[in-house]
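Structure first, then comments.
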Amino acid sequence: MAKAMWDGEILASSSDTVLVEGNHYFPAESVRKEFLRPSGTHTTCPWKGEASYYTLEVHGNRNEDAAWYYPDPKSAAEQIKDHVAFWHGVEVLDDEIPSAALR
């Protein structure tokens, strides 16, 4: 079971994440959407495609662009369609992988 946590809240929890480049991509239905705010930020990965971002808002605190997803990933990254990943201080814990291996 993997969990994404920030500011004392569990943002996502799933036993069915996709691990890509050291990042857990959580199925969209496992993410607590009440903490997500749309962001205008986009970046491009040569093999995954264009990423879109969310800003987190928890207890009045904001973490800009701390979650990302690929709305239309390239074919090489189809497995992360409808999944969300986290960074910028979001702690991702995995019962199966020691936390030091996730850094």
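Nothing here was measured: the structure is a model prediction, and the numbers come from that model.
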Discussion item. Can you list everything that forms a side chain to side chain contact (heavy atoms under 4.5 Å, CB included) with W87? Sequence neighbours excluded, please.
Written reply: Y53, W68
Worksheet entry | L36 vs Y69 side-chain heavy atoms within contact, under 4.5 Å | no
Worksheet entry | Those residues that, when tested against K74, pass side chain to side chain contact (heavy atoms under 4.5 Å, CB included) (two or more places apart) | none
Discussion item. According to side-chain hydrogen bond (donor to acceptor under 3.5 Å, both in side chains), who are the partners of S14, at least two apart in sequence or on a separate chain?
Written reply: none
Item to complete: Output every pair passing salt bridge (charged side-chain N to carboxylate O under 4.0 Å, His left out) with a member in residues 64-73, not counting sequence neighbours, ordered by first then second residue.
Response: R62-E64
Worksheet entry | For the student: nearest non-hydrogen atoms of F26 and A4, plus distance | CZ-N, 3.8 Å
Worksheet item: Side-chain contact, heavy-atom cut-off 4.5 Å: L11 with V58?
Response: yes
Worksheet entry | Selection residues 6-17 - residue pairs positive for salt bridge (charged side-chain N to carboxylate O under 4.0 Å, His left out), sequence neighbours left out | E9-R32
Worksheet item: From K48 NZ over to I80 CD1, what is the distance, rounded to the nearest 0.5 angstrom?
Response: 5.5 Å
Fill in: Distance in Å, H24 NE2 paired with L19 CG, rounded so as to fall on 0.5 Å steps
5.0 Å
Discussion item. Below 30° counts as parallel, above 60° as perpendicular, anything between as tilted: where do the rings of Y70 and Y25 land?
Written reply: tilted
Worksheet item: Looking at residues at least two apart in the chain, or sitting in another chain, which of them share a ring-ring contact (aromatic ring centres under 6.0 Å, His included) with F35?
Response: none
Worksheet item: How would you list all residue pairs meeting side-chain hydrogen bond (donor to acceptor under 3.5 Å, both in side chains) that involve residues 75-86, not counting sequence neighbours?
Response: none
Practice prompt. Report the residues that fulfil salt bridge (Lys or Arg N to Asp or Glu O under 4.0 Å) with R37, sequence neighbours left out, ordered by chain and then residue number.
Written response: E57
Practice prompt. Measure the shortest side-chain to side-chain distance between L56 and F86 over non-hydrogen atoms and say whether it is less than 4.5 angstrom.
Written response: yes
Discussion item. Using every non-hydrogen atom in the two residues, find where V84 and A67 come nearest and quote the distance to one decimal.
Written reply: CG1-CB, 3.9 Å
Worksheet entry | Joint hydrophobic cluster, W6 plus V31, side-chain heavy atoms closer than 4.5 Å | yes
Worksheet item: Under the salt bridge (Lys or Arg N to Asp or Glu O under 4.0 Å) test, which residues partner K3, sequence neighbours left out?
Response: none
Item to complete: Name all residues meeting the side-chain hydrogen bond (donor to acceptor under 3.5 Å, both in side chains) criterion together with H88; count only those two or more places apart in sequence or in a different chain, and write none if there are none.
Response: none
